Every structure is written in C-alpha cells, then in structure tokens.
Amino acid sequence: MEVSFHEEIKALRLGQGQSFHGEGILAITKALLQSGVSYVGGYQGAPVSHLLDVMVQAKPYMDELGVHVEACSNEASAAAMLGASIHYPVRGAVTWKSIVGTNVAADALSNLSSPGVTGGVLIVVGEDYGEGASVIQERTHAYALKSGMCLLDPRPDLPQMVHMVEKGFELSEASHMPVILELRIRACHVRGSFEARDNVAPVWSKQNLIPDPTRFDYMRLAHPPVTFVHEKLKSQERIPAARRFITEHQLNESLAGGEHADLGLIVQGGLYNTLIRTLQQFGLADALGQSSLAIHVLNVAWPLVPEELSRFCADKRAVLLLEEGQPEYIEQELALALRRQDLQTPLHGKDMLPSGGEYTAEVMAGGLLAFLDRHRPAAVPESTRQWLQGNATRRQAVQQALGAPLPARPPGMCIGCPERPVFSALKLAQQDVGPVHISGDIGCHALATFEPFSVGHSILGYGMSLASRAGVSPLMKRRVLSVMGDGGFWHNGLLTGVQSALFNGDDAVLLIFKNGYTSATGTQDIINTPEEATKEAASDKRQSLAHTNQTIESTLKGLGVQWLRTVHTYHVDEMKATLTEAFTTGFQGLKVIVAEGECQLERQRRIKPWLAALQAKGERVEHVKYGVDEDVCNGDHACIRLSGCPTLTLKDNPDPLKVDPVATVIDGCVGCGLCGANAHAATLCPSFYRAEVVRNARWPERLRSGLQAAARRLLQKA
Ligand code: SF4
Ligand code: SF4
C-alpha cells in the first residue's frame, strides 16, 4: 500500500498528558496500545480500514512495544487469532467490516465464545449500516446475542470511545466473554481530542515470550461434552458477571434531564450525537447538549442490565427507545424486562420510528414528534413542525419540477482502471457467442454492474463467484463466467471456488483480475503484490508490474488447473479472443483467465512522484493523452457505451449543421490506451488520436514540432 500514514503513526506515540487530535478510528487504535494489547489482527474494510493500515505501517514501533500485528487473509483467520486469549492472559484485538466480515468470522467466533477467554478480547467492527454503507443491511447485534459476546456501542466522543476500549478489555476479562465494539461510519470519522496516556508494553509479548505452553485443559475446547457446560456458563456466570461489571463501572450513562425529565429516551450510544442534534431542533437541548428530557445512553448494547433499565423507566411518564436497524432486539428485551418487573411505563420504539434505515436527525425528529404529540404536545415548537413539513414540501416540489427522480450517479472504476478493458472485451465477446450468465463478486470489478456494462447476475460474497455458479452452470446451455479479483481469490475464492470446481470436475470459466492489490478496500498489499524491490528497481516505472509476481499462476498450476491463460487487460482484442475460446473450447474442465494489469490508482501513486522528480531535474518527461477529433466523430457514442471512462464524455457538436453531441476526452485522461484498443477491437470510427505531451523537450524535438505546426497552418489556409 503506497498511502503514507506517517502523521497517524506519530499520534500513536503520544504519551501521558499529551493531546491527541484526530479521527475516531485512530483514537481507537491509540487506545488499544494504551490497553497493553499483545497482538492485533484483522481484515481491512470501510469504515475501520485505518486501524489495521496504520498498525501495519507502524510495524517498527509495534516491534519496539513487542506487539504482534498480523494482516490476516480474511476475517475468519482474524477471529481464529483470538484463540491466543483462550488460555493465555494476553489481550488481543482484531478488526473488520461488519456484517459481511462477521459472517465470514462466525465459525471461529462461536468456537471462541463457547470456552470463553482468559485475556481480554476486543473485536472492533465497522458497523457499515445506513447512508453510505456498501454491504447488506444487517446488525452485528445478532451475533452478540447468539454467541454470547458483549456488544459495546460507545457514544461518538473521543474520550468516551477511548474509555470504552480500555473498559472493554476489563469487561472481557471479568466476564470471560469476547467483546465486540461496534463503530458506525460517522463514529469512525468523528473528529475530536482526548488526553493521551502512555502506551503499555504488554506483559507477554514478542519482547517477553511465554516460556511454556499452558497445561492441557479439555474445558478450553469447543467440543462435547464440555460445550454443554459452556452453554450453562454463559447464562449462569458470564452474563451476570458482565452485568455486574457494567453496573459497577457505570458503562451506561443516565442523564437526568431538565424541564421534561419525566419523559425518558433510551438510545444506543452510537446514536447519541444525532439524538442531541434532533433535540436541538425541538429546542429541547442546548448548544452544550444538555437535554430537557432524561436520556439513558446504552454504551453497552448487550447484555442489557434489566435493573438499570427498570430504574430509569420506573418514574417516567413514558419512554421512547431509539434503536437503529431491525429486528428490534433491544426493544423486545426491554419490553420483557419491564413486564417481568411489572412496570407499566408506556414504551415506544418501532411503533413511532421506521423499522429499518439509518436514524438521521430528520428520521429521529419524526419519531420524537410522534412521541411528544402523544405525551407532551406542548413541548413541540411550531417551528419544528414547520421544519419537518418544509422538508417534505421541498422534496415534493423538486420531484414535481423534475418530472422524474434525479438520475442516479453510481460510482465507477477509476480513470484508466485496468479492469474496464476486460468488460469492453466481454461485451464484444458476447456479441459473437451470445449472452452468458455472469457470477459477480466483491471488488472494484463489481462497479461493472453499473452502466455502461451492467454485468453480473449475482454477488454471493467476497471470493464466492466461482462457488456461486456451481448450481447454475450445469443447467445452462452456454458456459457461465465467474469474475473474481485477486483480493477475493485469496480471501476465499481459492478454496470455496477453485478447489471445489477442480474436485468436482466442473466445466467452468473463471476470470481473475490480477491487479496486484486488494484495491476495493484501500489497495492493501496481498501475497501477489509486486515486491517493493521490484518497484524500486523498475527502470521504466510506467510499466504495469502485475506480471512480476506469479503466485496466483503457480498456485493454480500446483492445484491442477490445466487450461490457464494470462492476458494483459488493455489488449482488448486478445482478451475478447481468449474469452471466446473459453466459452467455446472442447475442454470440459476449469478454464482460468488471469487478466493482468496493475491497479491504476497504485500505478499513478508510484509513477507520479517519479515523473515529477524527473521533470524537476530538467529531464525529458512524456505524458500520453488520448483525444477525439470532433470533425470526424459521428456522434453515435459507441465508444462511450464500450468504455465508461469518466474522462471520455460528451460536448456540444461544434458543427452547426449537426445536433448530436460529439465525444470528447477531458483533462484527466491518463493515457491508458483503452480508447485506442477499443476503437481497433470494435472497429469504431477513426476519430481517436494519441498525443504525447512532452515536458523539457530537447531542441530537435522543439524544432520538429515548430515545423510541423507551421506546415499544418499552411495546409489549413490552402
Ligand atoms: S482502485 Fe484500482 S482496480 Fe480499483 S477501480 Fe481504481 S484503478 Fe481499478
Ligand atoms: S485513454 Fe481513454 S479510457 Fe484511457 S484514460 Fe484516456 S480517455 Fe480514459
């Protein structure tokens, strides 16, 4: 990964009394070191990628502290790493994106939760839920419930988040339960400050090794018959111990309220800031966040402490629970707790708030309005009703004025992305062989599900495309194509897909994008990333270096793949021919096409400083750009339908006798060559040209260029 986290690493070194300023996720990272963690692992994914990225780059400092950092191959391997804390009094933390990552980790989490832990365990999950989320909308809460893991949901305020990390480890040790700390997107990116403490070098670490393995203890295995004992331990000892700890250390916060303190709000910690903003819209909270209504903040979303909740609800005229997502786990448990205590306080929640979707301030305002209208209508200012009504009216007016919803602006691949040409070739190949069923996957290539490609019939998980065609391809007349990135291949695809297809002798076609990085999660390095030394030594750094690492090819050959082709992605003609061959060959086994082309984002990060340095030294630097001759372009836009590059776009036709806009290449073209390759492969109109922009040109070049320009002017006059 070429992004530098130099500044972030400096923040990790802050000591007692120094001020930390920055983002929530970095504060969490620092808090892990303050908690004396012995090992850290994980699999990157928004919104928690930073935690692992920073730790990986801070390796020399981690070595100083003795902390082991592992960039795991997937979330299952990260969760399995926590096995170290079953026997040994060592604290460990892992991180990933949830819900998808937690799904992958589920088996190891069950096997960890059953025997329980000795050393504190913290699982930092990015709760990718709501506006801006990129995964299935489900809740991590379900895993906490089913496996018996504590679930922290800290109020998004840096000192509080750091406090909850430190207390999270203690809670884990007191209850022997793994602890999940969920961070929503906004909590990860909230900015603030806290007073740092010294980092704590762990007792057992790479600097101070455990002398002997612990004695054999069958109780520490998730095997019958002790699993039956574990189940009882969870409910009879661990959950009560966790509840005691939560109460004694006041992890949840009960805020008394002011004028309307007889009305209560119970809120998941992560939603607290939005709730205060909502109350401010009603004039029911001041600028410092002092609320007129009483608030109970659940910094621990599970286990709930029934006595604590009953105490809060007992003297309330009514209570509203703000619980994001569905099903309403907390509401069900709260209703049960009140019923068991025979408390008659009216409880509202999903009856007044939407069952799913992010609870933004506006959404919360709708629920709060319903609650107050029922129990304290006088507390609702007219201005708030007008604000909500005004929003609805404005939306309606915009929709009416437009006559239709605004066109979607889906994300797309980067300019010059090496994956785009493959989808151009796939479009062309299908013109010859007919449409094929395409199993998609997670990764940058999933952006091809949008226009102009609209490719991919299903996505069943990261690295699952080959496995997910196993039921389709035997029933389909034409061969099915599975598309996978190299990130997905190593995450899961090699075993669930390739191994299974080979074992079953499946007639399948797999296309692997070998761009050299796990690009979609932030271009982290993987086992087939070009070596640093290779990058340094590359005499022409413009070249794609994907071919320099052959780990994927040798793995496939070693496993027994017999039909294997490697094609450079920008060679559209060759890719089209190879795809066509894979769809039509008489060979019945697994056919794998490795589409090789280094991630353009990483390539640009590599070559830009190199080119800038050359230019600064006065050396000749050449940039390639593509363009469209507007006099030749016939305005049919076939090139755009075949490419989708954001810099290949439209402009008004300069010819007053023509109405169709012409294609044009705007600034930003990185000269990847796809425009030329497509024009050739699809026999498009001859309007594309390739230009070389030369900086620090030598005098013969300047002279030649000057003569050429003069000749052009003469010809234009003639
Ligand atoms: S990050 Fe790399 S692989 Fe992903 S879209 Fe951009 S250029 Fe393509
Ligand atoms: S050559 Fe074409 S596809 Fe490549 S970056 Fe330039 S405009 Fe985009």
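FYI, side chains are in, hydrogens and waters are out, and symmetry mates aren't considered; it's all heavy atoms of this structure. Counting convention: from 1, in listed order, for ligands and their atoms alike. Since the structure is predicted, the reported quantities are computational estimates derived from the model, not experimental observations.
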- Without hydrogens or angle criteria, can the side chains of S134 and D128 be said to hold a donor-acceptor pair below 3.5 Å? yes
- for atom 6 (Fe) of ligand 1, nearest protein heavy atom and its distance come out as C414 SG, 2.4 Å
- Protein contact of atom 7 (S) of ligand 1 - nearest heavy atom, named by residue and atom, plus distance: Q600 N, 3.3 Å
- Message: List ligand 2 atoms under 4.0 Å from V665, heavy atoms only on the residue side.
- Response: 7 (S)
- Query: Do R713 and Q716 meet the criterion of a side-chain donor-acceptor pair at a distance under 3.5 Å?
  - Reply: no
- Item | Atoms in ligand 2 flagged as close to I415, the criterion being non-hydrogen separation under 4.0 Å | 5 (S)
- Note: ligand 2 atoms sitting under 4.0 Å from heavy atoms of T647 are 7 (S), 8 (Fe)
- Out of K576, R478, K427, which residue meets the salt bridge (Lys or Arg N to Asp or Glu O under 4.0 Å) rule with D432? K576
- Item | Identified side chain to side chain donor-acceptor pair (under 3.5 Å) partner of E23 from the options R191, H50, H189 | H189
- Note on the structure: protein heavy-atom neighbour closest to atom 8 (Fe) of ligand 1 works out as C417 SG, 2.3 Å
- Note on the structure: Taking only non-hydrogen atoms of C645 and a 4.0 Å limit, the atoms of ligand 2 in range are 3 (S), 5 (S), 7 (S), 8 (Fe)
- Note, K30 side chain near L12 side chain (heavy atom, < 4.5 Å): yes
- Item | Proximal atoms of ligand 2 relative to V670 (non-hydrogen, under 4.0 Å) | 5 (S)
- Note on the structure: Quick note on ligand 2: atoms under 4.0 Å from a heavy atom of Y626 include exactly 1 (S)
- Assess the side chains of Q524 and D53: does a donor N or O sit below 3.5 Å from an acceptor N or O? yes
- Query: Looking only at protein heavy atoms, which one is nearest to atom 4 (Fe) of ligand 1, and how far off is it?
  - Reply: C444 SG, 2.3 Å
- What protein heavy atom sits nearest atom 2 (Fe) of ligand 1, and how far away is it? C599 SG, 2.3 Å
- Message: If only side-chain N and O atoms count, and only distance matters, is there a donor-acceptor pair under 3.5 Å linking T534 with T548?
- Response: no
- Which of the atoms of ligand 2 are close to L674, meaning less than 4.0 Å from one of its heavy atoms? 3 (S)
- May I ask you to check if any N/O/S atom from C672 comes under 2.8 Å of atom 4 (Fe) of ligand 2? yes
- Query: Can we say R620 and E701 salt-bridge, meaning some charged N sits less than 4.0 Å from an Asp/Glu carboxylate O?
  - Reply: yes
- Message: Tell me whether R186 is salt-bridged to E358, with the criterion being a basic N under 4.0 Å from an acidic carboxylate O.
- Response: yes
- Note on the structure: Ranking N515, T569, T523 by closest non-hydrogen atom to atom 3 (S) of ligand 1, top hit is N515
